Each structure stands twice: as structure tokens, then as C-alpha cells.
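This structure is a prediction, so every number in the text was calculated from the model and none was measured. We count ligands from 1, going down the list as the structure has it; atoms in each ligand are counted the same way.
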Amino acid sequence: MDLFDLSGRVAVVTGGNGGIGLGMARGLARAGAAVAVVGRNPEKSRDAVSDLGELAFAIEADVTRGPDVEAMVAQVAARTGRIDILVNNAGTNIRKRPEELDESEWRTVLDTNLTSAFLCSRACHPHMQSAGGGKILNNGSMMSIFGAPWSPAYAASKGGMVQLTKALATAWAADGIQVNCFLPGWIDTDLTRRARREVPELHDRVLARTPAGRWGDIDEFQGIAVFLASRASDFVTGAVITVDGGFSVSG
Ligand code: NDP
């Protein structure tokens, strides 16, 4: 038995059309899973699907919206007959100090990063339950642990992601569903390229603080994706795993 084989499995990856989500989708596809790439931008999703091979397909959805999420999950289930793996990865940030952040900005970040994970998990649960099990992977952040003056909404959403993980893990363990959270360090993506423009000293700070001495690459998320989505992690649930080149253990 290959512990890491995902042949015959169906994975939903929100934000799978770019950045860390695409890295994770690559790992899942290479392990044999059919990957549903969920995003808003159809061109990015088309490119991702061609990168991921013949079992992959794209679904356009805004994961902050309950009806979009329900329709997305229904489409995946109608097309494949099952949903085994959900990666709650879609995310965004609005970098402002708390006194400058308005209510709609706060809600945008919370809805994109945290409410979406609740909505997608809830919508996938019946499919996993009826199949006798499933895997949910939640994308946190170093901001699940640390704070920063320019990240009140982002840090709140990513701290919430850890606690949502623990709540879902305890609620659904008896259904054979494992729910885990991984915390990326600083990874080179569109999101952090924007951050580097907005926070001038960020690049040097990341290099100085990361023991690995570099930014992470999206393909370094293939391994954690396959581990947490496969039988290899069947007794791992409610865990919080850093993928950060040592950032969180460095003083
Ligand atoms: P990207 O900007 O490359 O990826 C964000 C993804 O989220 C895009 O694919 C985007 O797709 C999707 N997305 C955003 N909003 C929505 C929405 N409302 N509905 C559907 N899809 C949406 O950045 P990253 O890869 O860096 O970020 C991915 C995740 O990783 C986020 O949760 C982020 O917080 C987290 N993370 C990133 C770190 C890093 O250093 N890069 C560090 C820690 C955590 P589309 O454009 O089609 O909407």
C-alpha cells in the first residue's frame, strides 16, 4: 500500500490557481488526485488546470459567498461523484494599522480568509461523511502566532483558522475526517510581492529572521499537501504544522 497514493481521490483547492494553492494542487495532482481549482480569475484557473494535467478542472467561485460555495461543491460532486480532500487556501490581506482599517476592509479579510473556510468545510462535510472520511487542510500563517501593526484583520483571521481547525477536528473525528492547519512562513507569491512593495524593509527582515536564509517556494507545499491529504496522516488531526524555514523558532 502506498501511503501517499491519492489515485481515485478528488480534491478541492480554493485559490488553487496561483501561489501556495497552486503548489499544493501540484502535489495532490502528482500523487494521483483529480483537483478542482477554485478561484475567481478564469484565465489564471485555465493556466493552472493545464499545468495540473488531465484530471484537473476549474470552477469559478467567490468563496466568501455562501451560495457560490454551495454551487461549487455541488458542481464538483456532480462531476466526480465524491469529495475527499478540501484545501482551504484562498486568502488576501489589506495592510493597514488598526486605526486606519475600515469595517468593510476588516470584513473582506475575515470573509476571504476565515469565513470561506467555514463555508467550504461545511459544504464538503456531507460528502466526506457519506464516504466514511476525508481530509481538510487549512492555510494559516505566521500571523496565526505573531502580530504585526499592519495586520489586525489578517492576524485575527489566521488565528481564527487555527481554532476553527481544532473545532472541526473534534467535531468530525468520528466521521473519519482529519482537519489540520499548516502555517507557511514567508513564501514568494503575488501576495507577498505586493507586501514587499508596501512594506519597504520587509524583504531584508524576512531574510534576516528566517534561519533557512531565503523565501519559500510554492512547490515546497507539495509535500505537506500530500502528507495531510493521504493515509499517511490518518491519526493526525487538529494539528498545527509550520512550513516556514524555521522562522517561528528563531529569536
Ligand atoms: P496569492 O495571492 O497568490 O493567492 C491567493 C489565492 O486566493 C488566489 O489564487 C486567488 O484566486 C484566491 N482568492 C482570493 N480571494 C478569493 C475569493 N474571494 N474567492 C475565491 N478565491 C479567492 O497568494 P498566496 O499564495 O501567498 O496566498 C495563499 C494563501 O496562503 C492565503 O491564505 C495566504 O494568507 C496564505 N499565506 C501566504 C503566505 C506567503 O508568504 N505567501 C504566508 C502565510 C500564509 P483569484 O485571483 O482567482 O481570486
Q: Which of the numbered atoms in ligand 1 are below 4.0 angstrom from a heavy atom of Ser141?
A: 43 (C), 44 (C)
Q: Can you find an N/O atom of Asp62 closer than 3.5 Å to an N/O atom of ligand 1?
A: yes
Q: With atoms numbered from 1 as shown, which atoms in ligand 1 lie under 4.0 angstrom from a non-hydrogen atom of Gly39?
A: 21 (N), 47 (O)
Q: Number the atoms of ligand 1 from 1 as they appear, then name those within less than 4.0 Å of a heavy atom of Gly140, with their elements.
A: 43 (C), 44 (C)
Q: Kindly identify the option in Thr189, Asp68, Val13 whose heavy atom sits closest to atom 41 (N) of ligand 1.
A: Thr189
Q: Please determine whether salt bridge (Lys or Arg N to Asp or Glu O under 4.0 Å) holds for the pair Arg193 and Asp190, giving the CA-CA distance in whole Å, both sets of side-chain angles, and the decisive distance to 0.1 Å.
A: CA-CA 5 Å; Arg193 270 171 232 133; Asp190 288 351; 2.8 Å; yes
Q: For Asp175 and His125, does a side-chain donor sit closer than 3.5 Å to a side-chain acceptor?
A: yes
Q: Quick one: are Ile59 and Phe57 in side-chain contact, heavy atoms under 4.5 Å?
A: yes
Q: Can we say Asp219 and Arg26 salt-bridge, meaning some charged N sits less than 4.0 Å from an Asp/Glu carboxylate O?
A: yes
Q: Counting from 1, what ligand 1 atoms have a heavy atom of Gly91 closer than 4.0 Å?
A: 5 (C), 7 (O), 14 (C), 31 (C), 32 (O)
Q: To the nearest 0.5 Å, tell me how far Gln178 CD sits from Arg231 CZ.
A: 12.0 Å
Q: Looking only at distance, does Ile187 have an N or O less than 3.5 Å from an N or O of ligand 1?
A: yes
Q: Check if Gly185 has a non-hydrogen atom at a distance under 4.0 Å from any atom of ligand 1.
A: yes
Q: Using a strict 4.0 Å cut-off to heavy atoms of Thr64, name the atoms of ligand 1 that fall inside it.
A: 18 (N)
Q: So, regarding Lys158 and ligand 1 (criterion: nitrogen or oxygen to nitrogen or oxygen, under 3.5 Å), is there a contact or not?
A: yes
Q: For ligand 1, which atoms sit closer than 4.0 Å to a heavy atom of Lys44?
A: 8 (C), 9 (O), 11 (O), 45 (P), 46 (O)
Q: Going by side-chain contact (heavy atoms from CB on, under 4.5 Å), Ile136 matches just one of Leu164, Thr165, Ile177. Which one?
A: Ile177
Q: May I ask whether Thr14 places a heavy atom under 4.0 Å from ligand 1?
A: no
Q: With rounding to the nearest 0.5 angstrom, report the CG to OG distance, Asn17 to Ser45.
A: 4.0 Å
Q: In terms of atom number and element, which parts of ligand 1 are under 4.0 angstrom from non-hydrogen atoms of Gly19?
A: 3 (O), 25 (O)
Q: If we only consider heavy atoms of Ala61, is any one of them less than 4.0 Å away from an atom in ligand 1?
A: yes
Q: Between ligand 1 and Asn17, can you find any atom pair, the residue atom being a heavy atom, that is separated by under 4.0 Å?
A: yes
Q: Counting heavy atoms only, which part of Met143 comes closer than 4.0 Å to ligand 1: side chain, backbone, both or neither?
A: neither
Q: Would you call Tyr154 a ligand 1 contact, heavy-atom distance under 4.0 Å?
A: yes
Q: Tell me whether Gly15 has any N or O atom under 3.5 angstrom from an N or O of ligand 1.
A: yes
Q: Just by distance, do the side chain of Asn180 and the backbone of Ala239 share a donor-acceptor pair under 3.5 Å?
A: yes
Q: With a 4.0 Å cut-off on heavy atoms, is Arg194 touching ligand 1?
A: no
Q: Considering only heavy atoms, which of Ala90, Ala58, Cys120 lies nearest to atom 13 (N) of ligand 1?
A: Ala90
Q: For Thr192, state whether at least one heavy atom is located under 4.0 Å from any atom of ligand 1.
A: yes
Q: What verdict does the salt bridge (Lys or Arg N to Asp or Glu O under 4.0 Å) test give for Asp102 and Arg107, after you've listed the backbone C-alpha separation in whole Å, the side-chain angles of each residue and the deciding distance to 0.1 Å?
A: CA-CA 9 Å; Asp102 69 33; Arg107 290 189 189 282; over 6 Å; no
Q: What do the steps show when you test Arg214 against Glu220 for salt bridge (Lys or Arg N to Asp or Glu O under 4.0 Å), and what is the final call?
A: CA-CA 13 Å; Arg214 61 177 177 81; Glu220 290 174 300; 2.7 Å; yes
Q: Need the ligand 1 atom indices (1-based, order shown) with element for anything under 4.0 Å from a heavy-atom of Trp186.
A: 40 (O)
Q: Should Arg40 and Glu60 count as an ion pair when the cut-off is N to O under 4.0 Å?
A: no
Q: Using a plain distance cutoff, I'd like to know if Met142 has any nitrogen or oxygen under 3.5 Å from a nitrogen or oxygen of ligand 1.
A: no
Q: Mind checking whether Thr112 has an N or O less than 3.5 Å away from an N or O of ligand 1?
A: no
Q: Under 3.5 Å, is there a donor-acceptor pair between the side chain of Asp244 and the main chain of Trp186?
A: no
Q: Among Asn139, Asn89, Asn41, which residue places a heavy atom closest to atom 32 (O) of ligand 1?
A: Asn89
Q: So which bit of Val63 gets within less than 4.0 Å of ligand 1, heavy atoms only: side chain, backbone, both or neither?
A: both
Q: Tell me, please, which residues at least two apart from Asp204 pass side chain to side chain donor-acceptor pair (under 3.5 Å).
A: none
Q: Check Asp47, Leu52, Val13, Val35 against Leu22 for a side-chain contact (heavy atoms from CB on, under 4.5 Å) and give me the one that passes.
A: Leu52
Q: Would Gly23 count as a contact of ligand 1 if the rule is a heavy atom under 4.0 Å away?
A: no
Q: Output the distance between atom CG (Asn113) and atom CE (Met143), rounded to the nearest 0.5 Å.
A: 12.0 Å
